Trainee: 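Right, I'll just put the structure down here and ask away after.
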Amino acid sequence: MAKVFIYPATSLILSDLVARFGHKPLGAALGIRERIQTAGVDSPPLQITPEDPKRGLKYAAVEVPSGVRGRMAIYGPLIEEADAAIIVTEADLAFGCMGCARTDELILFSLRQSGIPILELEYPRDEEEGIRFVAAVKKFLDGLPKEESNKEGEA
Amino acid sequence: MAEYTPKYVGTVTKYVFVESPTMTPGELALRAYEASEGVLIKETCFGLQVTGEPEAVDRLIEEIRSFDPTHIFVKDRGFPPGDPRRCRANLGGARPGYLGHEREFRILRYITRGLEELGRGEVREEEPASPARRKRSLLDIKRLQELIDTEEP
């Protein structure tokens with residue numbers, strides 16, 4: 001079972017298809033869950049504490065706004081852990097404030113720099129595209145190793 | 001600063017979306033309760049949220065998927081159900097993240113069609129043309145000049 005990073009990291013479709021075809025999707029929920037379930041100082045709404053921007057320094061320079069570094073503290077370890085990635089380009093639901101936008105750019109850059117296999121797609125707009133979308137995802141995932149990956153994130 | 005004591009530690013929560021002509025979220029919930037074996041189930045307008053030990057949730061998800069494999073979709077959730085930081089009972093308006101789900105919910109029928117074709121083995125063997133990288137034609141500089149020139153003062 002390979003660990004596959006999905007972008008947009010909250011995508012229902014990608015998360016479902018990766019799990020359906022026998023691999024582990026790495027999305028935002030895993031990083032958020034880890035923070036939500038860890039005892040510490042109350043820091044609503046996402047339990048992003050002042051420690052997170054410090055951890056984010058591993059993935060973004062100190063000049064980068066803390067909002068981007070804090071977000072990278074969630075996504076960075078997942079990207080390190082990933083054996084492959086599926087990216088939906090121009091996903092209109094992947095937008096947000098400037099912190100989100102810059103983090104998204106950094107995520108895509110980090111994925112492309114990491115050298116892992118990447119599949120890039122666009123969301124289907126009709127049934128024909130839907131058939132090709134699912135077939136492309138299936139073909140990509142079938143080419144990944146089925147055994148458990150030993151790659152560990154350094155969260 | 002206040003101390004934070006998390007709830008539902010060690011559990012996982014998953015969303016189950018149903019986009020089916022033959023099964024409603026209510027019916028899905030009833031059938032899921034029958035197979036739940038201690039997993040917490042919350043019915044929603046789009047399907048369910050299930051929370052419990054990872055193995056128990058995986059078992060239940062496998063069972064739920066079998067009800068209607070090409071019309072039921074599952075994803076992870078970071079927050080447990082009813083969490084006051086996310087639950088719209090406390091916040092009002094749509095739950096954060098709902099609009100993203102709504103956007104993807106509209107194209108689930110295309111994914112269903114793709115899964116059905118895959119199940120029938122009717123997907124052609126040749127290289128599936130990746131729908132990505134469709135080049136958008138950029139605005140030609142001459143065309144831009146024409147637009148500027150034709151603009152009324």
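Owing to the predicted nature of the structure, the values given are computational and were not obtained by experimental measurement. So that the names make sense, note that chain A is the first sequence line, chain B the second, and so on, each numbered from 1.
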Trainee: Is A:Leu12 reachable from A:Val4 through a run of hydrophobic residues whose side-chain heavy atoms are each under 4.5 Å from the next?
Mentor: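 Yes, A:Val4 connects to A:Leu12 through the hydrophobic network.
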Trainee: So, A:Asp16 side chain and B:Val74 main chain: donor-acceptor pair closer than 3.5 Å or not?
Mentor: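 Flag set: sc A:Asp16 to bb B:Val74 pair under 3.5 Å.
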Trainee: Assess whether a salt bridge exists between A:Arg33 and B:Asp76, defined as any Lys/Arg side-chain N lying under 4.0 Å from an Asp/Glu carboxylate O.
Mentor: yes
Trainee: How many angstroms lie between CG in B:Leu115 and CZ in A:Phe21, if you round to the nearest 0.5 Å?
Mentor: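 Rounded to the nearest 0.5 Å, the CG-CZ separation comes to 5.5 Å.
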Trainee: Is A:Ser11 close to chain B through its backbone or its side chain, or both, or neither, when contacts mean heavy atoms under 4.5 Å?
Mentor: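 Its backbone and side chain both get close to chain B.
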Trainee: Report the distance from atom OH of B:Tyr4 to atom CD of A:Gln37, rounding to the nearest 0.5 Å.
Mentor: 8.0 Å
Trainee: Which value, rounded to the nearest 0.5 Å, describes the distance between B:Glu117 atom CD and A:Glu128 atom CD?
Mentor: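 Reported to 0.5 Å precision, the distance equals 8.0 Å.
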Trainee: Report whether B:Val57 and A:Leu30 are members of the same hydrophobic cluster (ILVMFWY, side-chain heavy atoms less than 4.5 Å apart, transitive linking).
Mentor: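 In one cluster: no.
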Trainee: Give, as side chain, backbone, both or neither, the part of B:Pro80 having an atom under 4.5 angstrom from any heavy atom of chain A.
Mentor: side chain
Trainee: Would B:Leu99 and A:Leu93 satisfy side-chain contact (heavy atoms from CB on, under 4.5 Å), going step by step from the backbone distance to the final call?
Mentor: CA-CA 8 Å; B:Leu99 299 175; A:Leu93 62 99; over 6 Å; no
Trainee: Is A:Phe95 in contact with chain B via its backbone, its side chain, both, or neither, using a 4.5 Å heavy-atom distance?
Mentor: neither
Trainee: Answer with side chain, backbone, both or neither: which region of B:Arg109 has an atom nearer than 4.5 Å to a non-hydrogen atom of chain A?
Mentor: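 Neither part; nothing is under 4.5 Å.
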Trainee: Hey, is the main chain of A:Tyr123 close enough, under 3.5 Å, to the side chain of B:Tyr110 for a donor-acceptor pair?
Mentor: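 Absent.
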Trainee: Nearest 0.5 Å please: distance from the CZ atom of B:Arg77 over to the OG1 atom of A:Thr10.
Mentor: 12.5 Å
Trainee: What residues of residues 7-32 of chain B make heavy-atom contacts with chain A at a cutoff under 4.5 angstrom?
Mentor: B:Tyr8, B:Val9, B:Gly10, B:Thr11, B:Val12, B:Thr13, B:Phe17
Trainee: I'd like to know whether CD of B:Glu62 has more than 12 heavy-atom contacts from other residues, nucleotides or ligands below 6.0 angstrom.
Mentor: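 Count not over threshold, so no.
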Trainee: Taking side chain as everything from C-beta outward and backbone as N, CA, C, O, which of these in B:Arg103 sits under 4.5 Å from a heavy atom of chain A? Side chain, backbone, both or neither.
Mentor: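 Only the side chain of B:Arg103 comes within 4.5 Å of chain A.
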Trainee: Using every non-hydrogen atom in the two residues, find where A:Pro45 and B:Arg85 come nearest and quote the distance to one decimal.
Mentor: O-CD, 3.4 Å
Trainee: Is A:Arg20 positioned over the aromatic face of B:Phe73, cation under 6.0 angstrom from the ring centre and no more than 45 degrees off axis?
Mentor: yes
Trainee: What heavy-atom pair brings A:Ile36 and B:Pro6 nearest, and what distance separates the two atoms?
Mentor: O-CB, 3.2 Å
Trainee: Is the number of heavy atoms from other residues, nucleotides or ligands within 6.0 Å of CD1 (B:Ile141) greater than 12?
Mentor: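 For B:Ile141, atom CD1 is not crowded (no more than 12 foreign heavy atoms under 6.0 Å).
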Trainee: At a heavy-atom separation under 4.5 Å, does B:Arg65 approach chain A through its side chain, its backbone, both, or neither?
Mentor: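 Only the side chain of B:Arg65 comes within 4.5 Å of chain A.
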Trainee: Could you tell me which portion of B:Ile72 (side chain, backbone, both or neither) has an atom closer than 4.5 angstrom to a non-hydrogen atom of chain A?
Mentor: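 For B:Ile72, the backbone is the part near chain A, not the side chain.
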Trainee: Once you round to the nearest 0.5 Å, how far does CG of A:Asp42 lie from OG1 of B:Thr5?
Mentor: 9.0 Å
Trainee: I need the A:Ile13 CD1 to B:Ile107 CD1 distance, nearest 0.5 Å.
Mentor: 4.0 Å
Trainee: Search all heavy atoms of A:Leu46 against all heavy atoms of B:Arg86 and return the closest pair with its distance.
Mentor: CD2-NH2, 3.4 Å
